Amino acid sequence: MYAKTGFINDANRIFEEIPEKNIVVYNTMITGLLRCRFIVEAEQLFDNMPEKDSISWTTIITGLTQNGLFKEAVDKFKEMGIEGFCMDQFTFGSVLTACGGFLALDEGKQIHAYIIRTDYQDNIFVGSALLDMYCKCRNVKYAEAVFRKMRHKNVISWTAMLVGYGQNGYSEEAVRIFCDMQRNEIHPDDFTLGSVISSCANLASLEEGAQFHGQALASGLICFVTVSNALITLYGKCGSLEHAHQLFHEMKIRDEVSWTALVSGYAQFGKANETISLFETMLAHGIVPDGVTFVGVLSACSRAGLVEKGYHYFECMVKEHRITPIPDHYTCMIDLLSRAGRLEEAKNFINQMPFSPDAIGWATLLSSCRLNGNLEIGKWAAESLHKLEPQNPASYILLSSIYAAKGKWDDVAKLRKGMREMGVKKEPGHSWIKYKNKVHIFSADDRSSPFSDQIYAKLESLYLKMIEEGYVPDMSFVLHDVEKSEKIKMLNHHSEKLAIAFGLLFIPDGLQIRVVKNLRVCGDCHNATKYISRITQREILVRDAVRFHLFKDGVCSCGDFW
DNA sequence: ATAGGGTTAG
């Protein structure tokens, strides 16, 4: 009892007083030590036991896993096998979790083979752990195979698969399997619902998400703070700050994640002052911010160009809150400085960092160089990114767009050739819009939609009106050396423009047109959309890869700073 | 005495 409840000193005293200790007493003590994170002591006791059984071994493997010592757990598992101890569902469950913890796919596969030999593959615990391991190792195909073969499934196995889809970027599949699960009359619990809402958030699927909100209310699962937190995130990611705010106020219990979710929602929308004042309110309520909260605050500062405030909160995070910055925080700072055009300062900042930026950090710097037309630092960023991730198209694409904007077509061609030789492919830009429960997805110059004729005609007529109003196409966003008229056509057929035209045609007047894009919105499209919002008197909300743009009567909520 | 699934971010 003492061991379990964390009174480890009392437990230790009683343990010492027991004259003849049997194996159960040892095992219990080891469990207690591990729960209290006394790992060295637990291992010592384990090593000095007069006699061990399978449970002793499983206990130590589980404890190591739960303390994040995945490699050590797997090593102990191997030792256990060599010593000839019998393994059961508990052992397999723990060691598979450990494999997932440090992405040890090969070891996971070997253990899978062993599980089949020992006839444990039909065990529901082992099956769930297996498919979770494959998902964590980013092998969704194997996970699906395990899932299909499982004869018995419960809410945990279904949730593990759903989460696996979501975490590997297959958000649509996550939503699909959620529906499947309900058809199989498995009732979702708080984990399942929270997770499917989070997938909806990644799809920016407001309608679907709102239905899950309804389901949360009807089932009572809304009471779980995690479910409500997922909903706040959803509303934030869909740009519905009013809904996020309303739900936040309705919640009876809030934790630091609830506050952080709302802070991040405001930050994504670019409402820097609101983000900061919400953060200050959070502090005033005695809520302790964590590293994620600061990502929200810092990114709000960078989106609004509040360089001094950004410095201030970075200092505040390190000195007052004693949070060690991780690469994400450094990326925010790189973004803060470089986007504001202070590229030399960004360079100095990077050189003073305790470690080199990660790929996202370099890509951030590179994209600011593109914005500011800085070739010198841009080259440095592109080369560094290329060294880290040779297959990442961003190093080629962004650098070549700097060259293209300067008319240096020879260099553009060189990069293109390099890309081909390396087998690097540009991530295709897609924009999508939801209409009548169906997602309509567009890529540049796409004619696959049954409504293409109408869409292109709409764009053509809009283009003429835009020109009348003073719109000038910005050719620097065309990465090809072609005739001017061809460039204009290419610009006018960008995926976001196609999706917006679709919205203008089909979304009823008075409703917001909501478009999502997988990459950052293009500068010319941004400008054009401002004109379109004024000409048509429609509200257009575009969520790109990093933030929201709300276009209304010729103005964008980002204030053209992005 | 031992086990399997989530929520916040660039």
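Proteins come first, then strands; the chains are lettered A, B, ... in the order of their sequence lines, and each starts at number 1. This structure is a prediction, so every number in the text was calculated from the model and none was measured.
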Chemist: Between dA3(B) atom C1' and Met87(A) atom CE, what is the distance in whole Å?
Modeler: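 Nearest whole value for this atom pair: 14 Å.
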Chemist: Taking DNA chain B as the partner, which of residues 262-277 of chain A come within under 4.0 angstrom of it by heavy atom?
Modeler: Ser264(A), Gln268(A)
Chemist: Between Asp53(A) and Ser56(A), is any side-chain donor less than 3.5 angstrom from a side-chain acceptor?
Modeler: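 Ser56(A) and Asp53(A) do have a side-chain donor-acceptor pair below 3.5 Å.
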Chemist: Write down the distance between CZ (Phe15(A)) and P (dA1(B)), rounded to a whole number of angstrom.
Modeler: 15 Å
Chemist: Under a 3.5 Å threshold, yes or no: a donor from one side chain and an acceptor from the other, between Asn229(A) and Thr226(A)?
Modeler: no
Chemist: Checking contacts here: which listed nucleotide (dT2(B), dT8(B), dG5(B)) is nearest the side-chain heavy atoms of Thr59(A)?
Modeler: dT2(B)
Chemist: Determine the contact category for Thr293(A): base if any of its heavy atoms lies under 4.0 Å from a base atom, sugar-phosphate if only primed atoms, P, OP1 or OP2 are that close, otherwise nothing.
Modeler: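 No contact.
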Chemist: Please pick, from dA9(B), dT8(B), dG5(B), the nucleotide with the shortest atom-to-atom distance to any side-chain atom of Val155(A).
Modeler: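 My answer, after comparing the listed nucleotides, is dG5(B).
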Chemist: To the nearest angstrom, how far is Leu221(A) atom CG from dG5(B) atom C1'?
Modeler: 15 Å
Chemist: Output yes when at least one side-chain N/O atom of Gln66(A) is less than 4.0 Å from OP1 or OP2 of dA3(B), else no.
Modeler: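 Yes.
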Chemist: Which part of the nucleic acid, if any, lies within reach of Val163(A) when heavy atoms closer than 4.0 Å are counted: base, sugar-phosphate only, or nothing?
Modeler: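 Sugar-phosphate, backbone atoms only, no base.
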Chemist: Can you find a donor-acceptor pair, distance only, under 3.5 Å between Ser128(A) side chain and dG5(B) base?
Modeler: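 For Ser128(A), whose side chain was compared with the base of dG5(B), there is no donor-acceptor pair (under 3.5 Å).
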Chemist: So which pairs with a foot in residues 212-221 of chain A pass side chain to side chain donor-acceptor pair (under 3.5 Å), sequence neighbours left out?
Modeler: His213(A)-Tyr235(A)
Chemist: Does a side-chain N or O from Arg303(A) land closer than 4.0 Å to OP1 or OP2 of dG10(B), or not?
Modeler: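 Looking at the OP1 and OP2 atoms of dG10(B), one of them is under 4.0 Å from a side-chain N or O of Arg303(A).
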Chemist: Separation of Leu130(A) atom CG from dG4(B) atom P, in whole Å?
Modeler: 14 Å
Chemist: Heavy atoms under 4.0 Å, any strand shown: does Asp190(A) hit a base, just sugar-phosphate, or nothing?
Modeler: base
Chemist: Rounding to a whole Å, what distance do you find between Arg547(A):CZ and dG10(B):C1'?
Modeler: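 Going from Arg547(A) (CZ) to dG10(B) (C1'), I get 13 Å.
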Chemist: Round to a whole Å and report the spacing from CG of Asp189(A) to P of dG4(B).
Modeler: 15 Å
Chemist: Name the closest nucleotide to the Thr28(A) side chain, picking from dA9(B), dG5(B), dA1(B).
Modeler: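 It is dA1(B).
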Chemist: The side chain of Ile55(A) lies closest to which of these nucleotides: dT2(B), dA9(B), dG5(B)?
Modeler: dT2(B)
Chemist: Picking from dG4(B), dG10(B), dA1(B), which would you name as closest to the side chain of Asp53(A)?
Modeler: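 Nearest nucleotide to the side chain: dA1(B).
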Chemist: Choose from dT8(B), dG10(B), dG4(B) the nucleotide whose nearest atom is closest to any side-chain atom of Thr97(A).
Modeler: dG4(B)
Chemist: Categorize Asp132(A) for me: base, sugar-phosphate, or nothing, with a 4.0 angstrom heavy-atom threshold over every strand shown.
Modeler: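 Result for Asp132(A) = sugar-phosphate.
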Chemist: Check for me whether the distance between the ring centres of Phe279(A) and Phe294(A) falls short of 6.0 Å.
Modeler: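 Close enough - the centres of the two rings lie under 6.0 Å apart.
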Chemist: Strictly by modelled atom types, are Asn202(A) and Ser199(A) linked by a side-chain donor-acceptor pair under 3.5 Å?
Modeler: no
Chemist: Pick base, sugar-phosphate or nothing for Asp335(A), based on heavy-atom distances below 4.0 Å to the nucleic acid.
Modeler: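 Touches nothing.
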Chemist: Would you mind telling me which of dG4(B), dA3(B), dA9(B) lies closest to the side-chain atoms of Lys237(A)?
Modeler: dA9(B)
Chemist: For the pair Phe355(A) and Tyr330(A), name the ring-plane relationship: parallel under 30°, tilted 30 to 60°, perpendicular over 60°.
Modeler: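 Ring orientation, 0 to 90° scale: perpendicular.
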Chemist: The side chain of Ile360(A) lies closest to which of these nucleotides: dT7(B), dG10(B), dG4(B)?
Modeler: dG10(B)
Chemist: Contact class for Lys153(A) (heavy atom, under 4.0 Å): base, sugar-phosphate, or nothing?
Modeler: nothing
Chemist: Count the heavy atoms of every other residue, nucleotide or ligand shown that sit under 6.0 Å from NE2 of His285(A), and state whether that count exceeds 12.
Modeler: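 No - once you tally the heavy atoms of other residues, nucleotides and ligands closer than 6.0 Å, there are 12 at most.
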Chemist: Out of dG4(B), dT2(B), dG10(B), which nucleotide sits closest to the side chain of Asp358(A)?
Modeler: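 Of the options given, the side chain of Asp358(A) lies nearest dG10(B).
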Chemist: Going by modelled atom types, is there a donor-acceptor pair between the base of dG6(B) and the side chain of Ser195(A) at under 3.5 Å?
Modeler: no
Chemist: Who pairs with Asn392(A) by side chain to side chain contact (heavy atoms under 4.5 Å, CB included), at least two apart in sequence or on another chain?
Modeler: Leu385(A), Glu389(A), Ala394(A)
Chemist: Please state how far atom CD1 in Ile115(A) lies from atom C1' in dA3(B), giving the value in whole angstrom units.
Modeler: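 Distance check: Ile115(A) CD1 to dA3(B) C1' gives 12 Å.
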Chemist: To the side chain of Asp328(A), which of dA3(B), dG10(B), dT8(B) is closest?
Modeler: dG10(B)
Chemist: Would you say Arg35(A) reaches dA1(B)'s phosphate, i.e. side-chain N/O to OP1/OP2 under 4.0 Å?
Modeler: no
Chemist: Under 4.0 Å between any heavy atoms, over every strand shown, what does Ile60(A) touch: base, sugar-phosphate, or nothing? Just pick one.
Modeler: nothing
Chemist: Kindly indicate, with the supporting measurements, whether the criterion side-chain contact (heavy atoms from CB on, under 4.5 Å) is fulfilled by Thr281(A) and Trp259(A).
Modeler: CA-CA 10 Å; Thr281(A) 315; Trp259(A) 284 88; 4.3 Å; yes
Chemist: Let me know the distance between CG of Asp88(A) and P of dG4(B), rounded to the nearest Å.
Modeler: 13 Å
